[in-house]
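Worksheet: one structure, shown below.
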Amino acid sequence: MFKTLYVRDAFQCEEGLEVELIGWIRSKRRHGKLIFLDLRDSTGIIQVAVKHGVADNESFMKALDIGLESSVKVKGRLKKDPRAPGGLELHCNHLEIVGPSLEDFPIKKGVGLKFLLDNRHLHLRSPRVAIIMKIRATLMDIARRWLRENGFVEVNCPTFITAAVEGGATLFKVDYFGKPAYLTQSVQFYQEAAIYSLEKVYSLQPSFRAELSRTRRHLTEFWHLEVEMAYADLYDIMKVIEELVYAIVNGLNKESEREIRTLGRELRPEMAEPPYPRIRYSEALQILQSKGVNINWGDDFGADEERILSKEFSKPFFVTHYPKEAKAFYHMPDPSNPSVCLNADLLAPGGYGEIVGGGQRIHDYNLLTERIRENNLNPEEYRWYLDLRKYGSVPHSGFGLGIERMLWWLLHLPHIRSACLFPRTPARVYP
RNA sequence: GCCGCCGUAGCUCAGUCUGGUAGAGCAGCGGGCUGUUAACCCGUUGGUCGGUGGUUCAAAUCCACCCGGCGGCGCCA
């Protein structure tokens with residue numbers, strides 16, 4: 001049963017070679033005494049021609065009746081034929097059913113979006129989903145490699161937490177042996193603890209947001225790449241962000257070129273080559289006002305504003321120095337202008353919006369306490385977080401990058417859902 | 001949470017404005033076909049029109065409420 005030959009390998013074989021392939025029947029076309037089967041496996045699709053007289057009679061009868069998505073083992077000779085997709089087909093002389101389809105496969109031509117999502121467990125057999133998942137795996141692998149090569153240590157942080165990372169964001173509440181607990185929406189605070197041991201850390205794990213955000217760029221559960229770095233200021237961390245993003249784009253272009261091309265996309269690494277344009281919030285405001293947008297100092301940028309701004313750039317770009325009221329309490333105020341903070345959001349060009357959010361954190365105990373109070377939060381609930389500033393506190397910075405957002409942008413996916421095997425949105429927690 | 005759209009056969013939809021006993025394509029099932037490309041040809045089964053209530057001689061159609069979904073906003077990655 002051990003599988004040694006994959007569909008992709010078959011296309012490299014010499015014509016006339018007798019081979020055995022195992023896979024699933026993606027489609028079937030019957031022409032009386034000739035049956036075409038499209039055999040799919042994890043590497044590709046090959047057409048199998050089952051001809052009466054070439055295949056043994058029992059195999060032919062099985063092929064006649066076989067249901068779509070049945071698993072089969074087929075033996076036969078490889079034959080070049082310009083009429084076959086890919087120019088090669090298998091002339092079957094024997095067919096065995098490994099696992100039949102007990103009912104009609106529900107996913108047929110013409111099914112709609114809702115039906116596909118309700119049947120995601122079956123839909124993910126489609127080659128397009130498989131390709132996106134391969135690219136996703138490669139993206140994560142490239143990011144891990146780059147971080148490791150640059151001295152970052154991967155840490156794994158808890159999913160159950162007791163308090164919010166940011167005051168306003170919505171947390172999923174869970175019952176923790178009768179006590180309230182929440183699902184993490186960011187591991188930032190835990191990483192801030194870890195830098196006092198490991199200095200440069202990162203994690204790659206899910207974050208949860210209980211926001212009723214019905215847009216094509218939101219999930220309730222998403223994979224979050226977060227980085228935290230001791231002795232790093234805003235400019236140090238922006239350098240890390242742009243080099244990491246470039247490493248991902250450049251790496252995917254090399255390692256996933258075939259998959260990306262199959263999706264009809266092309267990555268041009270020079271479009272993500274550092275340095276990225278850096279504009280301050282105040283400059284962004286001027287750009288928007290010059291375009292006739294009615295926006296005043298202190299207002300946060302909405303989706304419309306981000307879209308307008310992103311049209312001004314062909315590369316990802318940073319927006320920095322937001323008014324402190326627009327950002328969470330832990331952001332470091334700019335010493336030369338304390339009304340703004342040392343934060344950096346990375347926005348993708350083309351209206352794809354925020355991919356990375358981060359900046360420098362407050363490392364002074366008294367200042368952090370003050371900012372917590374100013375945000376009407378209770379310092380007692382942030383006791384361990386404040387504790388970090390009591391013992392050898394150092395300047396530090398970090399950021400979070402959304403894996404699915406990155407894929408959405410780079411692959412121009414219609415919806416961020418397409419970047420997940422089983423997407424979780426406000427309306428969907430099944431299958 | 002706010003705004004808009006949608007819900008009719010297994011699937012994709014028409015029919016709703018202008019009320020009058022439910023339609024198409026695909027899938028399925030039966031038959032045919034040795035070069036298809038999610039094949040094609042002939043025949044055929046299949047419906048609690050999202051739910052509840054109301055108006056009416058009569059409701060898929062008009063009204064109210066509810067449920068579910070999609071998209072956008074806010075929020076964010």
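Reminder, nothing fancy here: chain letters follow the sequence lines and each chain counts from 1. Since we're looking at a predicted model, the values are computed, not measured.
- Of the charged side-chain nitrogens involved, at least one lies within less than 4.0 Å of a carboxylate oxygen, so that A/R428 and A/D118 count as a salt-bridged pair.
- Within 4.0 Å (heavy atoms only), A/I403 reaches no atom of the nucleic acid at all.
- Within the 4.0 angstrom heavy-atom criterion, no nucleotide atom of any strand lies near A/R26.
- The stretch residues 152-160 of chain A does not touch RNA chain B, since none of its heavy atoms comes less than 4.0 Å from the strand.
- Rounded to a whole angstrom, the distance from the C1' atom of B/C6 to that of B/G20 is 27 Å.
- Using a 4.0 Å cut-off between a side-chain N of Lys or Arg and a carboxylate O of Asp or Glu, A/E69 and A/R125 qualify as a salt bridge.
- Of the residues in residues 124-148 of chain A, none has a non-hydrogen atom less than 4.0 angstrom from any atom of RNA chain B.
- Using a 4.0 Å cut-off between a side-chain N of Lys or Arg and a carboxylate O of Asp or Glu, A/E404 and A/R217 do not qualify as a salt bridge.
- A salt bridge links A/K327 to A/D345: at least one charged side-chain nitrogen sits closer than 4.0 Å to a carboxylate oxygen.
- Put simply, the side chain of A/S213 and the base of B/C75 share a donor and an acceptor less than 3.5 Å apart.
- The shortest side-chain heavy-atom distance between A/L171 and A/L183 does not fall under the 4.5 Å cut-off.
- Near-neighbour residues of RNA chain B inside residues 237-247 of chain A, defined by a heavy atom below 4.0 Å, are absent.
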- Contact pattern, 5' to 3', of nucleotides 34-43 of chain B - B, S or - by protein heavy atom under 4.0 Å: BBBBBB----
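- When Watson-Crick and G-U wobble pairs are counted only if both distances are under 3.5 Å, B/G7 pairs with B/C67.
- Nearest-nucleotide positions on RNA chain B place A/G112 closer to the 5' end than the other of A/G402 and A/G112.
- Remark: A/F208 pairs with no residue by the ring pair (Phe, Tyr, Trp, His ring centres under 6.0 Å) rule, at least two apart or across chains.
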- Message: Evaluate A/E154 against A/S203 for side-chain hydrogen bond (donor to acceptor under 3.5 Å, both in side chains), listing each step before the verdict.
- Response: CA-CA 5 Å; A/E154 181 166 4; A/S203 350; over 6 Å; no
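- A/Q47 and A/R29 share a donor-acceptor pair across their side chains, judged by distance under 3.5 Å alone.
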- Item | salt bridge (charged side-chain N to carboxylate O under 4.0 Å, His left out) evaluation trace for A/K239 with A/E243 | CA-CA 6 Å; A/K239 205 159 167 14; A/E243 285 179 9; 2.9 Å; yes
Under-3.5 Å N/O pairs linking protein and nucleotides 67-71 of chain B:
| from | atom 1 | to | atom 2 | distance (Å) |
| --- | --- | --- | --- | --- |
| B/G69 | OP1 | A/A427 | O | 2.9 |
| B/G71 | OP1 | A/R417 | NH2 | 2.6 |
| B/G71 | OP2 | A/R417 | NH1 | 3.3 |
| B/G71 | O3' | A/R216 | NH2 | 3.2 |

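- Looking at A/E306 and A/K311, no side-chain N of the basic residue comes within less than 4.0 Å of a carboxylate O on the acidic one, giving no salt bridge.
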